[in-house]
Amino acid sequence: MADRTPLVIDTDPGIDDALAILLALASPEVDLRLVTTVHGNVDLAQTTENALRVLHLAGRSDVPVAAGARDSLVHPQPERAGHVHGASGLGGVELPPSPVPADPRPAVLALAEVLTASPVPVTVAAIGPWTNIALLLAAHPEAAPRIGRLVLMGGSAGRGGNVTAAAEFNAWSDPEAAHAVLTSTVPTTLVGLDVTLPTVLDEDGVARIAAAGRVGRTAAAILRQYLDHARSAHGTTGVVVHDALALTEAVVPGTLGTVRRDVVVDTTPGPGRGQTIVDRRAVSGAPTAVDVAETVDSPAAVEFLVARLEALARAVG
Ligand code: RIB
Ligand code: CA
């Protein structure tokens with residue numbers, strides 16, 4: 001596809017992050033130029049190793065992986081999500097190591113270089129805590145205008161939280177970074193729990209992915225931990241693949257119904273810390289407003305994901 005949109009993914013793999021990376025590789029609309037890693041579901045060293053191994057799984061070790069922030073900007077937040085993603089972050093599945101090491105550049109420098117070198121605007125999908133994005137905007141303001149759109153997985157407008165009653169995990173992991181990113185003037189789409197929680201990949205979808213070849217079998221094995229956790233923790237028979245939905249919006253703009261809203265983040269130390277406070281009283285005309293995803297066709301989004309992963313698995317073999 002001649003006019004593929006350059007894409008960078010900032011991520012904390014993470015089971016749903018892994019699916020999002022595979023979805024990007026399956027999508028001819030985008031050209032994945034760089035993966036940057038961040039603390040989050042597991043520690044930075046593990047998220048970086050996981051990103052390298054997922055790219056290798058799909059035969060795409062050509063995509064550079066640059067490691068970023070190992071903790072949040074201001075207040076250390078060491079709590080990880082191993083109980084959800086497994087201690088290694090990929091559901092206990094041991095992927096073959098990549099023959100390619102991580103890029104020697106720090107993530108923020110790699111991001112700035114990819115952005116400033118691109119002749120066309122770059123889509124940046126940030127699907128872990130937004131520490132690297134905040135650092136990029138602070139350290140390389142010249143790169144910000146090269147971001148065509150910033151698609152964030154995180155936050156919640158009206159669905160409360162998942163890591164606390166008030167906060168979603170990515171925003172909660174670094175509220176100061178979340179506030180800086182959500183009040184910048186970069187064109188931003190916020191894909192939060194309001195649209196991810198209703199979008200459930202069920203056992204049938206996982207079975208279809210598993211039947212599509214080696215990459216599909218491996219992706220399904222990684223999802224097994226997610227499925228088991230969902231069943232034991234929530235009594236559900238499907239999984240919410242938050243990051244894959246955000247990547248779907250990055251790959252196909254307009255997948256989700258959005259409204260421009262003012263968003264601030266609670267950065268206090270109290271019970272609301274990390275909450276994204278979305279002003280739904282009105283559509284905002286402010287330059288710092290964010291396109292908040294408020295509606296989703298969940299069955300269509302799940303079908304899109306499964307079909308793309310099936311196609312990737314068949315293509316890779
Ligand atoms: O709240 C969901 C988000 O937190 C997803 O990005 C998941 O991978 C975790 O990072
Ligand atoms: Ca993630």
Side-chain angles (χ1 to χ4, degrees), residues 8-24 35-44 46-51 54 65 68-72 77-91 107 124-133 150-175 177-178 181 189-201 219 222-223 225-227 229-230 233-234 236 238-250 265 273-276 293 296 305:
V8 174
I9 298 177
D10 186 70
T11 178
D12 63 332
I15 293 173
D16 56 330
D17 302 71
L19 287 189
I21 292 168
L22 293 175
L23 174 61
V35 171
T36 52
T37 54
V38 66
H39 66 91
N41 287 316
V42 290
D43 289 340
L44 176 67
Q46 192 65 59
T47 62
T48 304
E49 183 62 26
N50 290 344
V54 170
V65 175
R70 65 180 63 252
D71 206 337
S72 49
Q77 194 305 96
E79 189 174 327
R80 303 298 180 218
H83 60 293
V84 176
H85 296 267
S88 72
L90 292 180
V124 177
I127 56 177
W130 304 321
T131 312
N132 290 339
I133 309 303
L150 176 62
V151 180
L152 302 173
M153 191 282 133
S156 169
R159 289 292 295 258
N162 56 1
V163 66
T164 70
E168 176 280 327
F169 181 83
N170 288 338
W172 175 84
S173 292
D174 195 341
V181 172
T189 300
L190 182 64
V191 180
L193 299 181
D194 312 83
V195 292
T196 63
L197 288 178
T199 305
V200 176
L201 173 62
I222 290 171
L223 277 163
Q225 157 96 21
Y226 231 22
L227 284 162
H229 171 77
H234 309 298
T236 57
V239 286
V240 177
V241 282
H242 307 274
D243 295 336
L245 185 62
L247 242 293
T248 301
E249 173 59 33
V265 180
R273 180 165 173 77
Q275 179 179 5
T276 51
V296 58
L305 171 63

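Whatever order the structure lists ligands and atoms in, that order sets their numbers, starting from 1. Fair warning: this is a prediction, and the values are worked out from it, not measured in the lab.
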| Under a 4.5 Å cut-off applied to non-hydrogen side-chain atoms, are D16 and H85 in contact? | yes
| request: Would you check if V241 and T199 make a side-chain contact, meaning some heavy-atom pair closer than 4.5 Å? | output: no
| request: Taking the side chain as every heavy atom from C-beta outward, state whether V296 and L245 have any atom pair closer than 4.5 Å. | output: yes
| request: For side chain to side chain contact (heavy atoms under 4.5 Å, CB included), just list the numbers for W130 and V265, CA-CA rounded to whole Å, side-chain angles, deciding distance to a tenth of an Å, and then say yes or no. | output: CA-CA 12 Å; W130 304 321; V265 180; 5.8 Å; no
| Does any non-hydrogen side-chain atom of L223 lie less than 4.5 Å from one of I15? | yes
| message | Heavy-atom distances under 4.0 Å decide this one: backbone, side chain, both or neither, for N162 against ligand 1? | response | side chain
| field | Value rounded to 0.5 Å, distance of NE2 in H83 from CG in N41 | value | 9.5 Å
| said: Counting only heavy atoms, tell me which of E168, H242, R80 gets closest to atom 3 (C) of ligand 1. | reply: E168
| task | State the count of protein N/O/S atoms located less than 3.0 Å away from the Ca ion (ligand 2). | result | 5
| task | Using a strict 4.0 Å cut-off to heavy atoms of M153, name the atoms of ligand 1 that fall inside it. | result | 2 (C), 3 (C), 5 (C), 6 (O)
| Does D174 reach the side chain of Q77, with side-chain heavy atoms less than 4.5 Å apart? | no
| Per-residue contact class, I15 against ligand 1 - non-hydrogen pairs under 4.0 Å | neither
| said: Between H242 and L193, is the side chain to side chain contact (heavy atoms under 4.5 Å, CB included) condition met? List the steps. | reply: CA-CA 8 Å; H242 307 274; L193 299 181; 3.6 Å; yes
| field | Among D71, T131, T47, side chain to side chain donor-acceptor pair (under 3.5 Å) partner for H39 | value | T131
| query | Under 4.0 Å from any heavy atom of D243, which atoms of ligand 1 are there? | reply | 5 (C), 6 (O), 7 (C), 8 (O)
| query | What residue and heavy atom of the protein are closest to atom 9 (C) of ligand 1, and at what distance? | reply | N41 OD1, 3.2 Å
| field | Donor-acceptor pair, side chain of N170 and main chain of M153, under 3.5 angstrom | value | yes
| D17: numbered ligand 1 atoms lying under 4.0 Å from its heavy atoms | 8 (O)
| query | Taking it one step at a time, do D243 and L19 satisfy side chain to side chain contact (heavy atoms under 4.5 Å, CB included)? | reply | CA-CA 8 Å; D243 295 336; L19 287 189; over 6 Å; no
| task | Would you kindly specify which portion of D12 sits under 4.0 Å from ligand 1, judged on non-hydrogen atoms: side chain, backbone, both or neither? | result | side chain
| said: Taking 4.0 Å as the limit for heavy-atom contacts, which would you say applies to D16 with ligand 1: side chain only, backbone only, both, or neither? | reply: side chain
| task | State the atoms of ligand 1, each with its element, that fall below the 4.0 Å cut-off from a heavy-atom position in I127. | result | 6 (O)
